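These figures come from a predicted structure and were not determined experimentally. We name chains A, B, ... by the order of the sequence lines, and we start the count at 1 in each one.
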Number of protein chains: 2
Amino acid sequence: MATGRTHRPAASRSRGIPEATVARLPLYLRALTALSERSVPTVSSEELAAAAGVNSAKLRKDFSYLGSYGTRGVGYDVEYLVYQISRELGLTQDWPVVIVGIGNLGAALANYGGFASRGFRIAALIDADPAMTGKQVAGLAVRHTDELEGIIRDTPPNGVSIGVIATPAAAAQPVCDRLVEAGVTSILNFAPTVLTVPEGVDVRKVDLSIELQILAFHEQRKAGEDAEGKAGAAHAAGPPPRAAAKHTGSGPDGDIPAVMPA
Amino acid sequence: MATGRTHRPAASRSRGIPEATVARLPLYLRALTALSERSVPTVSSEELAAAAGVNSAKLRKDFSYLGSYGTRGVGYDVEYLVYQISRELGLTQDWPVVIVGIGNLGAALANYGGFASRGFRIAALIDADPAMTGKQVAGLAVRHTDELEGIIRDTPPNGVSIGVIATPAAAAQPVCDRLVEAGVTSILNFAPTVLTVPEGVDVRKVDLSIELQILAFHEQRKAGEDAEGKAGAAHAAGPPPRAAAKHTGSGPDGDIPAVMPA
DNA sequence: TGCTGTGAAGCGATTCACAGCG
DNA sequence: CGCTGTGAATCGCTTCACAGCA
């Protein structure tokens with residue numbers, strides 16, 4: 001999984017929906033909406049589970065945390081379930097969101113249709129580069145970082161509570177601090193850094209290079225199984241410099257993912 | 001967490017590194033590389049854990065699966081650990097990667113520095129739109145989908161085994177099938193769809209709108225705690241249309257995230 | 001009869017707490 | 001003495017299996 005929280009270890013479920021279940025609700029919702037568009041009136045747990053890519057026992061258990069929304073012998077009413085899950089996720093209201101860091105990735109996010117269609121409204125695009133200020137991206141004029149606090153506080157009706165960080169790694173923590181200070185309490189972080197936030201602020205992260213590294217691990221594992229015995233790298237490089245204590249320039253492997261496209 | 005697998009429930013750890021540990025190795029690696037660049041020779045589990053945003057017991061347990069790479073009373077040798085983790089993750093070799101779907105997101109990925117710096121080399125950018133063919137993106141000429149199979153098979157030295165899908169949702173499964181058929185065994189999917197793949201192929205997914213929905217859930221929860229009692233949406237809309245069985249156009253909430261920026 | 005809803009068992013991951021070594 | 005490495009306890013999620021209802 002590409003994601004994680006930073007603070008609040010367990011202080012999440014007030015009335016008891018497990019975190020793992022919450023993470024799957026959007027998946028169910030997507031599958032249900034597709035069924036709804038095809039005018040399918042009801043689904044069984046088996047069918048819906050297949051569409052969402054999970055097993056049916058898990059799906060039923062997940063739904064049991066929300067309440068008894070199914071009909072025994074029949075299945076679930078698609079429309080009704082769409083509504084219930086939307087409500088549970090808080091998607092019946094709309095959430096203004098700011099995106100900070102309008103580089104390649106920030107622009108891609110701004111243009112991403114999946115936001116608007118789920119009740120997320122882009123309240124502002126913010127970038128630190130004065131050359132970007134005023135430029136049109138996804139139909140919105142980019143605003144300068146100076147305006148950040150004002151935008152967060154004054155966006156109707158109650159300010160902005162969700163921020164997306166798509167800046168270079170070095171800028172992420174300062175931007176995060178300013179967002180939080182101005183009132184943001186949920187952050188989606190695309191910068192390859194660990195963000196430190198006060199209690200009560202949620203952080204989720206998406207790290208592209210981490211995902212690839214996890215795939216590489218399994219990929220290597222598969223290759224190792226083919227040619228059993230030589231369980232190492234194929235056309236590898238670099239010996240194990242044990243206990244050198246002294247560094248060698250910048251290490252055997254080079255630098256960190258360092259900077260985001262932004 | 002933005003991610004998940006699709007096939008291979010447990011068929012992963014050959015010599016026993018837990019999946020959860022594998023997912024954290026890139027995090028440790030990043031923190032270690034930063035230390036390495038600052039010429040720090042050793043770290044304690046406590047310090048490194050703080051830098052990686054986990055607790056120290058977990059970190060020590062994680063490292064214990066790799067072997068005994070620390071020194072009691074002292075800590076871990078930074079350079080040595082960087083090497084060991086890189087090797088474990090398979091980053092001592094380089095992995096050619098193809099990106100399919102060169103829209104906003106695909107282009108952002110192509111420009112993302114974090115790939116190249118971690119041993120991932122972009123072998124080709126592929127798009128179905130003939131108008132894109134030949135265009136330069138991130139220093140590479142975009143190739144047409146017709147060439148997909150050839151690229152996967154003929155890229156030296158052994159073809160491409162990792163594919164990134166950044167196409168619209170509708171194109172994702174067909175593209176996935178072609179990638180797999182041509183020999184790709186690991187896929188990173190940015191399209192908001194569940195991909196079906198044969199046994200032995202790994203899929204990880206990153207879904208931007210799912211992450212936001214999870215944040216919205218917690219955000220709503222926080223708002224509900226403030227104004228205890230009215231545990232619902234703030235300026236919400238839409239009543240619960242129980243058991244209508246008949247659909248109402250397209251449902252109370254509208255459409256799915258549907259299409260990616262691509 | 002067929003499918004949901006759920007207690008109970010199983011399993012993996014996290015955390016604790018301390019023995020063991022440098 | 002300090003910090004790693006790890007058995008044991010704990011926690012939370014998943015899976016099983018079936019009771020219960022339409």
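Regarding contacts with the backbone of D:dT4, a side-chain N or O of B:Ser45 is found under 4.0 angstrom from either OP1 or OP2. In this model, the phosphate group of D:dC13 is not approached by any side-chain N or O of A:Lys58 to a distance below 4.0 Å at OP1 or OP2. Taking 4.0 angstrom as the limit, B:Arg60 places none of its side-chain polar atoms (N or O) nearer than this to OP1 or OP2 of C:dT14. A close approach under 4.0 Å does not occur between any side-chain nitrogen or oxygen of A:Asn55 and OP1 or OP2 of D:dT14. Dashed line: the shortest gap from a side-chain N or O of A:Tyr76 to OP1 or OP2 of C:dG5 is under 4.0 Å.
Side chain B:Arg72 to base D:dG2: no donor-acceptor pair is found below 3.5 Å.
In this model, no donor atom of one side chain and acceptor atom of the other lie less than 3.5 Å apart for B:Ser186 and B:Asp202.
Look at OH on A:Tyr28: it is 13 Å from P on C:dT4, rounded to the nearest Å. For B:Tyr69 and D:dT4, the OH to P distance is 16 Å, given to the nearest whole Å. With rounding to whole Å, A:Tyr65 atom OH is found 12 Å from C:dG5 atom C1'. Residue B:Leu59 contributes atom CG, which lies 16 Å from atom C1' of C:dC16 at whole-angstrom precision. For the pair B:Phe63 CZ and D:dC3 P, the interatomic distance rounds to 16 Å; values are reported in whole Å. One can place CG of B:Leu48 at 21 Å from P of D:dG2, the figure rounded to the nearest angstrom. Going from atom CG of A:Leu66 over to atom C1' of C:dG5 covers 13 Å, rounded to whole Å. Distance, A:Glu46 CD to C:dT1 P: 20 Å, rounded to whole Å.
The backbone N or O of A:Ser56 sits nowhere less than 3.5 Å from a side-chain atom of A:Glu46 that would complete a donor-acceptor pair. Within the 3.5 Å criterion, the main-chain N or O of B:Thr196 finds a donor-acceptor partner in the side chain of B:Gln173. A:Asp177 contributes no side-chain N or O that, together with a main-chain N or O of A:Glu181, makes up a donor-acceptor pair within less than 3.5 Å.
The residue among A:Lys61 and B:Gly75 whose nearest nucleotide of DNA chain D lies closer to the 5′ end is B:Gly75.
Remark: aromatic rings of B:Tyr69 and B:Tyr80 are close, center separation under 6.0 Å.
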